[in-house]
Amino acid sequence: MKKLLSILMAAAMLLSLCALTACGEKPAEDAAGDNAGDDTSATTELVTTEAGKLHMSTNATFPPYEMTTDNSGFEGIDIDIATAIAEKLGLELVVDDMEFDAALVAAQTGKSDIVMAGVTVDEERQAVMNFTDSYANGVQVIIVKEGSDVTLDNLGEQMIGTQRGTTGFNYCSGDYGEEHVTAYDNGITAVQALVNDQVDCVVIDKGPATEYVAANQGLTILDTEYANEDYAIGISKDNEALLEAVNNALKELKADGTIQAILDKYIKAE
């Protein structure tokens, strides 16, 4: 009986010891180490300003890139491309319409996820936000009244209207001085100032310029281009994962012809 009791006590002690030391198992850190790198499909979860959504800040007065519809919605090249990107990322696009300067700051500070508003890349903007690869080309042109004597050669002698915060404003201010430039909140207001003889010309991207001239009799676009630049998507420097994801989506949309189809939809061949 004593022998049986001793055997039972020894077995109980062995079981207790195994429970404390996890007999036959590796320490947790070793097990994790053995499995590290096995799951190559794992990706970094995207962090956006609102879970499940991609907020795009823009200034919807820039046809054909972004504009409002009759039912207070949004359409245009940037809207369609952003929608396609959001679908690739499994997110719902939300368009936040605001002044151009505010749209840039929103993306810079992370209040929006991306900014698309015919945004061109320059050193000043690169210092405060990241940019994706280019997705479209933009040309700065000069709108004048028909019969005007304004030319590219005498532009520095004129009062130039531009949209505030744009590269058109930056270029003209840098080339001719701010005293020769009047900045307006949007392109529509700048063109109206030209119609009302408050400025001698307007420097703006060719896409919206074509729309504005078509809507305002007596205006025309000079044949000579003022500048040629590329459009890209602005993203906060604090969100490298989103930058990579959006760039990957852009590559796929370029490869399958989606972006070219969107451009062709809004910009007809001349």
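Residues Gly110 and Thr49 approach most closely at O-CG2, 3.0 Å, considering heavy atoms. Nearest approach of Ala193 to Tyr184, heavy atoms of both residues: CB-OH, 3.3 Å. The two residues Ala232 and Val121 come nearest to each other via the heavy atoms CB-CG2, 3.7 Å. Counting all heavy atoms, side chain and backbone alike, Ala103 lies closest to Ser57 at O-OG, 2.8 Å. Between Gln192 and Asn216, the closest heavy-atom pair is OE1-OD1, 4.4 Å. Residue Arg164 comes nearest to Phe100 through the heavy atom pair O-CD2, 3.7 Å, listed as atom of the first residue, atom of the second, then distance.
Under a 3.5 Å cut-off, the side chain of Thr162 and the backbone N or O of Gly168 do not form any donor-acceptor pair. Under the 3.5 Å distance criterion, the side-chain polar atoms of Asp97 are matched with a main-chain donor or acceptor of Ala60. Of the possible polar contacts, one joining the Thr48 side chain to the Lys53 backbone as a donor-acceptor pair under 3.5 Å is found. Using modelled atom types, one side-chain atom of Ser112 and one backbone atom of Ala107 make a donor-acceptor pair closer than 3.5 Å. A distance-only check finds a donor-acceptor pair linking the side chain of Asn239 to the backbone of Val47 [under 3.5 Å]. Between the side chain of Lys145 and the backbone N or O of Val195, at least one donor-acceptor pair lies under 3.5 Å. At distances below 3.5 Å, at least one donor-acceptor pair connects side-chain atoms of Arg125 with backbone N or O atoms of Thr120. No donor-acceptor pair closer than 3.5 Å links the side chain of Tyr65 to the backbone N or O of Asp78. A donor-acceptor contact shorter than 3.5 Å links the side chain of Asp113 to the backbone of His55. Although no hydrogens or angles enter the test, the distance criterion places no donor-acceptor pair under 3.5 Å between the side chain of Asn196 and the main chain of Gln198.
For the pair Ile77 and Tyr231, the minimum side-chain heavy-atom distance is 4.5 Å or more. Counting only heavy atoms from C-beta outward, the side chains of Asp133 and Lys254 approach each other to under 4.5 Å. Side-chain contact between Phe131 and Gln126 is present, with at least one heavy-atom pair separated by less than 4.5 Å. Inter-residue side-chain proximity for Asn130 and Leu242 is flagged as unmet; no heavy-atom pair is nearer than 4.5 Å. Counting heavy atoms from C-beta outward, Gln158 and His180 have side chains that stay 4.5 Å or more apart. In this structure, the side chains of Asp101 and Val105 stay at 4.5 Å or more apart for every pair of heavy atoms. You'll find the side chain of Ile233 reaches within 4.5 Å of the side chain of Leu250, heavy atoms only. Side-chain contact between Thr166 and Ile204 is absent, with no heavy-atom pair separated by less than 4.5 Å.
Donor-acceptor pairing under 3.5 Å is recorded for the side chains of Glu229 and Thr167. A donor-acceptor pair shorter than 3.5 Å cannot be found between the side chains of Glu252 and Asn248. If you check the side chains of Thr258 and Asp256, you find a donor sitting under 3.5 Å from an acceptor. Using modelled atom types and a 3.5 Å distance limit, the side chains of Glu124 and Asn170 yield no donor-acceptor pair. Residues Asp80 and Thr83 have side chains that never bring a donor and an acceptor to within less than 3.5 angstrom of each other. Looking at Asp205 and Gln140, their side chains do bring a donor and an acceptor atom within 3.5 Å of each other.
Atom CG in Asn186 sits 4.0 Å away from atom OG1 in Thr61 (nearest 0.5 Å). Taking OG1 from Thr58 and CD1 from Ile79, the interatomic distance works out to 5.5 Å, rounded to the nearest 0.5 Å. Interatomic distance, CD1 of Ile267 versus OG1 of Thr210, reported as 8.5 Å (0.5 Å rounding). Rounding to the nearest 0.5 Å gives a distance of 6.0 Å between CE of Met56 and CD1 of Ile114. With rounding to the nearest 0.5 angstrom, the CE atom of Met67 is 9.5 Å from the OG1 atom of Thr69. Leu104 contributes atom CG, which lies 10.5 Å from atom OG1 of Thr109 (distance to the nearest 0.5 angstrom).
By the criterion of side-chain heavy atoms lying less than 4.5 angstrom apart, applied directly or through intervening Ile, Leu, Val, Met, Phe, Trp or Tyr residues, Val213 is not grouped with Val144; the two fall into different hydrophobic clusters. Hydrophobic clustering (ILVMFWY, side-chain heavy atoms < 4.5 Å, transitive): Leu222 and Val203 are in one cluster. A single hydrophobic cluster is not seen to contain both Tyr266 and Val119; linkage of ILVMFWY side chains at heavy-atom distances under 4.5 Å, directly or through other members, places them apart. Hydrophobic cluster membership differs between Val202 and Tyr226, with clusters built from Ile, Leu, Val, Met, Phe, Trp and Tyr side chains linked at under 4.5 angstrom. In this structure, Val150 is not a member of the same hydrophobic cluster as Leu219, with clusters built from ILVMFWY side-chain heavy atoms closer than 4.5 Å.
Enclosure of atom CG in Asp70 is not indicated, since only 12 or fewer non-hydrogen atoms of other residues, nucleotides or ligands lie within 6.0 angstrom. A 6.0 Å sphere centred on CG of Asp223 holds no more than 12 heavy atoms belonging to other residues, nucleotides or ligands. Heavy-atom neighbours of Glu211 CD from other residues, nucleotides or ligands within 6.0 Å: above the threshold of 12. The environment of Gln217 atom CD is sparse: at most 12 non-hydrogen atoms of other residues, nucleotides or ligands sit within 6.0 angstrom.
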Step by step, work out the side-chain contact (heavy atoms from CB on, under 4.5 Å) result for Glu66 and Val95.
-> CA-CA 10 Å; Glu66 37 268 316; Val95 179; over 6 Å; no
Take Phe169 and Val181 through the test side-chain contact (heavy atoms from CB on, under 4.5 Å) and record every step on the way to the result.
-> CA-CA 7 Å; Phe169 172 80; Val181 183; 3.6 Å; yes
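None of Asp200, Leu152, Ile160 except one satisfies the side chain to side chain contact (heavy atoms under 4.5 Å, CB included) rule with Ile142; the exception is Leu152.
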